[in-house]
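As structure tokens, the structure follows; a few thoughts come after it.
All values reported here derive from a predicted model rather than from experimental measurement.
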Amino acid sequence: MSEPTDTPTASNSVRELVVADNQAGTFDGRVQTRFPPEPNGYLHIGHAKAISVNFGIAEEFGGVCNLRFDDTNPDTEEASYVDGILADLAWLGFPIDDDPLYASSYFDQLYEWAVLLIENGLAFVDEQDGETISTQRGGYGRPGIESPFRDRPVSESLDLFERMRAGKFADGTYVLRAKIDMQHENMQMRDPVMYRIRGEAHHRTGEAWKIYPTYDWAHGQSDAIEGVTHSLCSLEFDSHRALYDWYLEHLPLPFDQPRQTEFARLELTHTVTSKRKLKQLVEDGTVSGWDDPRMPTLRGLRRRGYPASAIRNFCAFIGVARTNSRHQIELLESFIRTELNRVALRRMAVLRPLKVVITNWPIDDDGQPVVEYVELVNNPENPEDGTRTVPFTGSFYIEQDDFKAEPPPKYFRLTPGREVRLRGAYFVTATGFDADENGNVTEVQVTYDPETRGGSAPDGRKVKSTMHWVSAAHALDGSVALYGRLFTAEVPGEATGDVFDDLNRDSLELISDAKLEPALGDVEPGQVVQFERLGYFAADPVEPLMFHRTVGLRDEWAKIQKRKG
RNA sequence: UCCGGGGUCGUCUAAUGGUAGGACAGCGGUUUUUGGAGCCGCCUGUAGGGGUUCGAAUCCUCUCCCCGGAGCCA
């Protein structure tokens, strides 16, 4: 396998567009993008792609990418989300200004421009209710009809608009509409709403405004005000591009007109990225919060142990295209493994402990089992990480799975009469075991070969397997959360139309009696280590000796079993 | 129904008129003090028909399929 990390960034339709623009001299070779989150939820993996595309293109062409909060709807937006998004962005590792931009900073300019449009006969105040306006809009293949207020005198619209702003009217009673074309085949062009009345306080402008611009009326103009050249957005805005251009063409702009270009958003199998649905998972209590390690939110992935660098590499690798697509989550996971394999320290932990006793282990002068210390490498992929000493004595824990009284075919681990290696310690041979009345093995007896200290035999004999272990007398008790996919279906909701029908009710397994090697008491909060033979695990940011499984190791044995069953 | 955007291995993605390549997944081998990692190999694809061309995934044409669009959401 070649290193995905080393693979050059995929070719990319947006990059090609920018190159073409630069060659043609468009925008005088200037490249400026923007990332415009709405502060009504937290960032998720889908945003990571958008961030990567926007910041990536800007950086590559020596331009800038503005972080601009698209805060035009006070009903759903909150300052707390602004802070959360800023924190998530900082973690992801793209350069962001200390002072983010806000669409709400342009409310005055937007208002002036709206007045200009009214004066030029290109906008009017409508006083019909939403349902009526919607009906008049027509449908696909059906023209709309014009509002009876469409041709009211400019002075009347101006007066009404002024009073809308002054808060003289109730929510929903008046709107400002662009006067474009009610027959237009593109529904977005059928006299779209520019302003609506909202009594709700805004997280930045407070009570200053009673009217708020719609997305279409705010976005392109914000781009223009900031000098954005390439306004990159997702495919569903394709039909809005005509409107984006129309507004800009009818305004006196400080710069060249920015240009909107669409690309496919990132979708992943077994994952939902709709903010509304993520919010529901949180509010339902299905997950513990926005930062639940099963969530595709940036803060969830972070807590899960996904390295920001791996997410960035993934985003660069998948490229940018206009094809609707859904990446397999396994691809993301392979980037996570690749990165973690490189950087994660190796440690030993036993998740489902089975006690093993060495019957020929020496006793010291006080009648206690001798304690030895073995030297283990911290990361074979990176010798600079050095080694650590791990205590070993006559009784220790192994995984329950690592012993079978009656071994199935191809099972290479401990079984009566078989010799295996304890990683970095000794060869041991199972001589007997105890079981309870249900036949569950409760303890295994082994003998060890003192000549095999360090894990190799002077006579050169081989063993089929190497197992991890934790000294019983020195084990730390810890807890471990194992995560499965939050949704069982590759495409949640595909079968029934409701994503929640595909919720995996067993997406979390909590183990409270894991046995950890002593060095695991020293990990930093949030640090990710590899539990040998098991996978990568992230230390909880606050709770000591609590670990979240980031992702498992590839597991040949599991694969063999799966094939059988 | 109208308009717009798409359709290349299982999943993504490259090839921009000149050998259909890569990654993930899968399969097999090798190696291994992690059944990890690594290394080697295999596997499968241009939606369909017609045309232009010495040559088509690429250009033209017809058909089929998928996605988006009728918020005072973004």
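Listed candidates were B/rC72, B/rC24, B/rG35. Nearest to the side chain of A/Glu330 is B/rC24. Which of B/rA70, B/rA74, B/rG36 sits closest to the side chain of A/Ser134 comes down to B/rA70. For A/Gln328, taking side-chain heavy atoms from C-beta onward, the closest of the listed nucleotides B/rC73, B/rG69, B/rG10 is B/rG10. Side-chain atoms of A/Glu38 lie closest to B/rC73 of the nucleotides B/rC24, B/rG35, B/rC73. Of the candidates B/rA74, B/rU34, B/rU16, the closest approach to any side-chain atom of A/Thr72 belongs to B/rA74. Among B/rG35, B/rA74, B/rC24, the nucleotide with an atom closest to any side-chain atom of A/Ile560 is B/rG35.
Of the C1' atoms belonging to B/rG55 and B/rA23, the separation is 30 Å, rounded to the nearest Å. Across the P atoms, B/rC66 and B/rC59 are found 23 Å apart, a figure rounded to whole Å. B/rG10 and B/rG26 have their C1' atoms separated by 9 Å, given to the nearest Å.
Residue A/Gln188 is in sugar-phosphate contact alone, with no base atom involved, counting any heavy-atom pair closer than 4.0 Å across all strands shown. Within the 4.0 angstrom heavy-atom criterion, no nucleotide atom of any strand lies near A/Glu131. Note on A/His184: nothing from the nucleic acid sits closer than 4.0 angstrom, heavy atoms only. Using a 4.0 Å heavy-atom criterion, one finds that A/Asn186 contacts no nucleic acid atom at all. Within the 4.0 angstrom heavy-atom criterion, base atoms lie near A/Pro380. Residue-level contact check: A/Arg346 touches the bases, meaning some heavy atom is under 4.0 Å from a base atom. In this structure, A/Arg142 reaches the bases: a heavy-atom distance under 4.0 Å links it to at least one base atom across the strands shown. Counting any heavy atom pair closer than 4.0 Å across all strands shown, A/Asp129 reaches a base atom. Counting any heavy atom pair closer than 4.0 Å across all strands shown, A/Glu532 reaches a base atom. A/Tyr195 comes within contact range of no nucleotide atom at all, as no heavy-atom separation falls under 4.0 Å. Across all strands shown, A/Thr269 has no heavy atoms under 4.0 Å from either base or sugar-phosphate atoms.
Remark: ring of A/Phe317 does not overlap the six-membered base ring of B/rA23 in a stacked fashion, as centroids less than 5.5 Å apart with planes less than 30° apart are not both met. Taking a centre distance below 5.5 Å and an interplanar angle below 30 degrees as the stacking criterion, A/Tyr140 does not stack against the six-membered base ring of B/rA70.
Relative to the ring axis of A/Tyr102, A/Arg204 places its NZ or CZ within 45° and under 6.0 Å from the centre. Geometrically, A/Arg423 does not engage A/Trp469 in a cation-pi contact defined by less than 6.0 Å to the ring centre and at most 45° from the axis. At least one test fails for A/Arg152 against the ring of A/Phe124: distance under 6.0 Å to the centre or angle within 45° of the axis.
Atom CG of A/Leu414 is separated from atom CG of A/Asp401 by 12.5 Å, given to the nearest 0.5 angstrom. For the atom pair A/Leu332 CG and A/Ile311 CD1, the distance stands at 7.0 Å (nearest 0.5 Å).
Taking the ring centroids of A/His240 and A/Tyr244, they lie at or beyond the 6.0 Å cut-off. For A/Phe537 and A/Phe547, the gap between ring centers reaches or exceeds 6.0 Å.
No side-chain heavy atom of A/Arg196 sits under 4.5 Å from any side-chain heavy atom of A/Ile211. Side-chain contact check for A/Val82 versus A/Phe69: some heavy-atom pair is nearer than 4.5 Å.
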Which atom pairs link the protein and nucleotides 26-31 of chain B when you take only N or O atoms and keep those under 3.5 Å?
from   : atom 1 : to       : atom 2 : distance (Å)
B/rC27 : OP1    : A/Arg563 : NE     : 3.3

Show me the protein contacts with nucleotides 4-7 of chain B, counting only N or O atoms at under 3.5 Å.
from  : atom 1 : to       : atom 2 : distance (Å)
B/rG4 : O2'    : A/Asp238 : OD1    : 2.7
B/rG5 : O3'    : A/Arg322 : NE     : 3.2
B/rG5 : O3'    : A/Arg322 : NH2    : 3.4
B/rG5 : O2'    : A/Arg322 : NH2    : 3.4
B/rG6 : OP1    : A/Arg322 : NE     : 3.3

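Residue pairs meeting the salt bridge (charged side-chain N to carboxylate O under 4.0 Å, His left out) criterion with at least one partner in residues 455-466 of chain A, sequence neighbours excluded, are A/Glu419-A/Arg461, A/Asp449-A/Arg461, A/Asp459-A/Arg461.
Looking at A/His327, its side chain has no donor and acceptor atom pair within 3.5 Å of the base of B/rA25.
Of the candidates A/Phe161, A/Tyr174, A/Phe107, A/Tyr212, A/Phe161 is the only one forming a ring-ring contact (aromatic ring centres under 6.0 Å, His included) with A/Tyr195.
For B/rG55, the O4'-C1' to base torsion is more than 90° from 0; the nucleotide is therefore anti.
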